[in-house]
Amino acid sequence: MSKVATRFAPSPTGPLHIGGVRTALFNWLYSKNQNGNFFLRIEDTDKERSKEEYRKQIINSLKWIGINFDGEEYVQSKKIEDHIKVAHELLKRGSAYKCYCSPEEIEDQKKRAKQKKIPYIYDRKWRDKKETDAPKNKKPVIRFKSKIDGTSILKDLVQGDVEIENNTIEDFVIIRNDGTPTYNLSAAVDDHQMDMTHIIRGDDHKINTFKQIQIYQAMEWELPSFAHIPLIHTIDGKKLSKRDKASTLDDYSKIGIMPVALRNYLLRLGWSYKDKEIFTLDESIKHFNLKGIGKSPSKLDMSRILSMNEHYIKNMNENDLFDQLIKYCNQFKKEIKSDKIDKIKRSLSFLKNKAKTLEDIFNNGQYIIVDEVSFSQEDLKLVDEKAKKVISDFRAQFVNIDQPSRETLETVINGLIKSHDTNFKGVGQPLRIALTGSKFGPGIYDIILSLSKEEVGKRLEAKII
RNA sequence: GGUCCCUUCGUCUAUCGGUUAGGACACAUGGUUUUCAUCCAUGAAAGAGGGGUUCGAUUCCCCUAGGGACCGCCA
């Protein structure tokens, strides 16, 4: 048995969406689980729509989420000559023929079929005509001579046996009238030449598989195994597309979803291993199999993505989290000044507490990052005369503390609670507002200790007092 | 319209004919707490419908209904 080889074959006609990422993930995990190889093939034969920027975006997306392909990336457009050669071989073998129908003629037939509400299928007009019947001034397409009688069975590794009547598959075009190969030809030839053993792709490719299998058979190539995975649906149950919002990786990375979290989420979307929810990379390679892939489509659920991300924020190594946070801020927020970065790092253990995303952590740390605190009118209202007195009393005592610590602060604050005849809130809330500009936030001791002594002093004499 | 696929809590799913149908997220309630959170506990919540097969069906088969995908000289 040859070494397992899988591939992900996106076309660079738009940003990669997370359905594609999941397909790539499954292919990658399966190959790694089987000690095989995983390849990337860029299907750029649609010259009109393929863009270099999308090619880069796809590669960056895969890299971001941690999917590495083996070897060099395979560029389909460089292999066009090979595809054409196969088309001519099929012609020679009598498995393909030239069709001189014009695109307009075909369009017309389609339209009429639609009006009559009968299924359109190319009428195979040129299938058995002789070359001598060919019009001189017309450029033909080459069509594959599909099976007409009987049925075909696809032994799908996810869906089981799928049987289809051969006459529902038309004589599809393999070479356009401009001489270029079409998708089904190119994909079949490439998969064969790349020695793919397993084709794992979206359910929307199932018909293509029946076509491609026929090409394999006509060329007498050894067939790979196929697995069609159910599609990811939007919340209203439709196939996810690039146009849907929150469908590309960038949509997630920019709000501070981490690659590990998204990878883990995608892994469990349509695949399961017992009751296990959290998978390290090694665990996912170890446990991944085709058997665990479900048959029904699944919907994208943002709250689960968020909670997965939250789980990783709270459980991952704090240094790693810090690295990711800085990377995130540099890319999507403003760069944090070096004197603040240190404070953020020291405070991460509580800044991360109420965060579901890196963006949340950034927001929680805003009070550290800003040079000047700003206040909302609403919060200012909470700081009445009594509160102002609390603040100034605290400040008076605070500046005399040499080394502020939780213990020394506690003494001061407990003293204030007594002398002002109030409760913790009566002291804590004004201080929190004065120091951070918000009545919400980390514990007051954490806030004070996360800022320098000078900074606390400065903020407490700010204009609200 | 044709072909094919799918159907367990709101969502992702477990169950390899016998379970009080389990878990996770979300939700609700209570508790801890220094605000907001966290955390802990508890709760509500599912086999689309109808036929078979079987001692016994969520599980196997058929029908119906609903949902989806494909139907390009795109990939």
Side-chain angles (χ1 to χ4, degrees), chain A residues 9-14 43-46 48-50 76 99 101-103 106-107 110 113-121 139-143 154 156 158-160 162-165 167-170 172-184 186-187 202-208 210 228 230-231 233 235-239 265 268-278 291-292 294-308 310-311 314 350 352-356 360 364 382 413 423-425 427-429 431-433 438-446:
Chain A
S11 62
T13 54
E43 304 210 327
D44 58 343
T45 50
D46 184 340
E48 299 270 302
R49 297 195 302 149
S50 293
Q76 188 163 63
C99 163
C101 295
S102 67
I106 301 286
E107 262 327 294
K110 269 187 211 170
K114 205 168 186 181
Q115 273 170 4
K116 287 192 203 157
K117 289 201 169 181
I118 52 171
Y120 169 76
I121 189 160
K139 283 190 174 167
V141 299
I142 298 178
R143 287 183 183 268
L154 165 66
D156 193 283
V158 168
Q159 305 197 345
V162 181
E163 189 172 3
I164 196 170
E165 299 210 13
N167 63 19
T168 61
I169 295 170
E170 68 170 357
F172 53 97
V173 172
I174 53 176
I175 299 285
R176 301 182 185 96
N177 67 8
D178 67 358
T180 59
T182 63
Y183 166 74
N184 280 303
S186 297
D203 189 34
D204 50 347
H205 277 284
K206 210 156 52 193
I207 294 293
N208 292 328
F210 282 100
H228 290 93
L231 302 176
H233 282 178
I235 206 74
D236 27 59
K238 299 273 189 271
K239 175 183 169 181
Y265 172 77
R268 281 285 289 99
L269 191 66
W271 178 84
S272 62
Y273 177 76
K274 299 178 182 170
D275 270 347
K276 197 169 164 60
E277 299 282 351
I278 305 297
K291 219 180 91 195
K295 288 184 168 191
S296 50
S298 36
K299 288 179 186 156
L300 220 45
D301 181 359
M302 193 58 196
S303 69
R304 262 177 91 78
I305 297 176
L306 250 18
S307 88
M308 186 64 81
E310 182 179 19
H311 174 270
K314 289 189 176 137
F350 65 83
K352 75 178 183 183
N353 260 345
K354 52 173 60 172
K356 285 190 189 322
D360 289 343
N364 293 343
L382 291 170
I413 286 181
N423 55 17
F424 192 95
K425 193 179 172 188
V427 176
Q429 182 166 285
L431 286 175
R432 179 179 289 111
I433 292 175
S438 169
K439 64 177 170 173
F440 303 133
I444 190 65
Y445 298 124
D446 284 333

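Within every chain, numbering begins at 1; the chains are lettered A, B, ... in the order of the sequence lines, protein sequences first and strands thereafter.
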C1'-based separation of B/rU13 from B/rU53 [nearest Å]: 29 Å
Whole-Å C1' distance, B/rC71 and B/rC16: 37 Å
Atom P, compared across B/rG43 and B/rG50: separation rounded to whole Å: 30 Å
Any-strand Watson-Crick or G-U partner of B/rG30, both distances under 3.5 Å: B/rC40
Selection from B/rG23, B/rC5, B/rA26 that lies nearest to any side-chain heavy atom of A/R268: B/rG23
Per-nucleotide protein contact string for nucleotides 64-75 of chain B (B base, S sugar-phosphate only, - none; heavy atom under 4.0 Å): ----SSS-SBBB
A/L300 side chain reached by A/L269 side chain, heavy atoms, under 4.5 Å: yes
Salt-bridge present (A/K239, A/D204; N to O < 4.0 Å): yes
Out of B/rU7, B/rA14, B/rC12, whichever nucleotide has its closest atom nearest the side chain of A/D275: B/rA14
Sub-4.5 Å side-chain heavy-atom contact between A/D301 and A/I235: no
Nearest-angstrom distance, P atom, B/rU35 to B/rA48: 46 Å
P gap between B/rU42 and B/rG10, integer Å: 22 Å
Distance-only donor-acceptor test (3.5 Å): side chain A/R304, base B/rA26: no
Integer-rounded Å distance: B/rA26 C1' and A/E310 CD: 12 Å
Protein-nucleotide distance (A/Y265, atom OH; B/rA26, atom C1'), rounded to Å: 12 Å
Pairwise C1' distance for B/rC70 and B/rC25, with rounding to whole Å: 33 Å
C1' spacing across the pair B/rC12 / B/rG72, given as an integer number of angstrom: 35 Å
Complement of B/rG72, any strand, by Watson-Crick or G-U distances under 3.5 angstrom: none
Distance test, side-chain N/O of A/T168 to OP1/OP2 of B/rG2, below 4.0 Å: no
Length of the CH2-P vector between A/W271 and B/rA24, whole Å: 18 Å
Touch class at under 4.0 angstrom, heavy-atom based, for A/Y445 against every strand present: base
Comparing A/N353 and A/S298 on RNA chain B - which has the more 5′ nearest nucleotide: A/S298
Basic-acidic side-chain contact under 4.0 Å: A/R304, A/E310: no
A/Y265 side-chain N/O to A/M302 backbone N/O, donor-acceptor pair under 3.5 Å: no
Contact check, side chains of A/I106 and A/Y120, non-hydrogen atoms, under 4.5 Å: yes
Short side-chain N/O contact from A/K425 to OP1 or OP2 of B/rU35, under 4.0 Å: no
Ring pair (Phe, Tyr, Trp, His ring centres under 6.0 Å) involving A/Y183 - partner list, sequence neighbours excluded: A/H205
Residue matched to B/rU54 through Watson-Crick or wobble contacts both under 3.5 angstrom: none
Heavy-atom check, side chain of A/K238 versus side chain of A/H233, under 4.5 Å: no
Rounded interatomic separation in angstrom, taking NZ from A/K356 and P from B/rA37: 11 Å
Same-atom distance (C1') from B/rC9 to B/rC5, integer angstrom: 24 Å
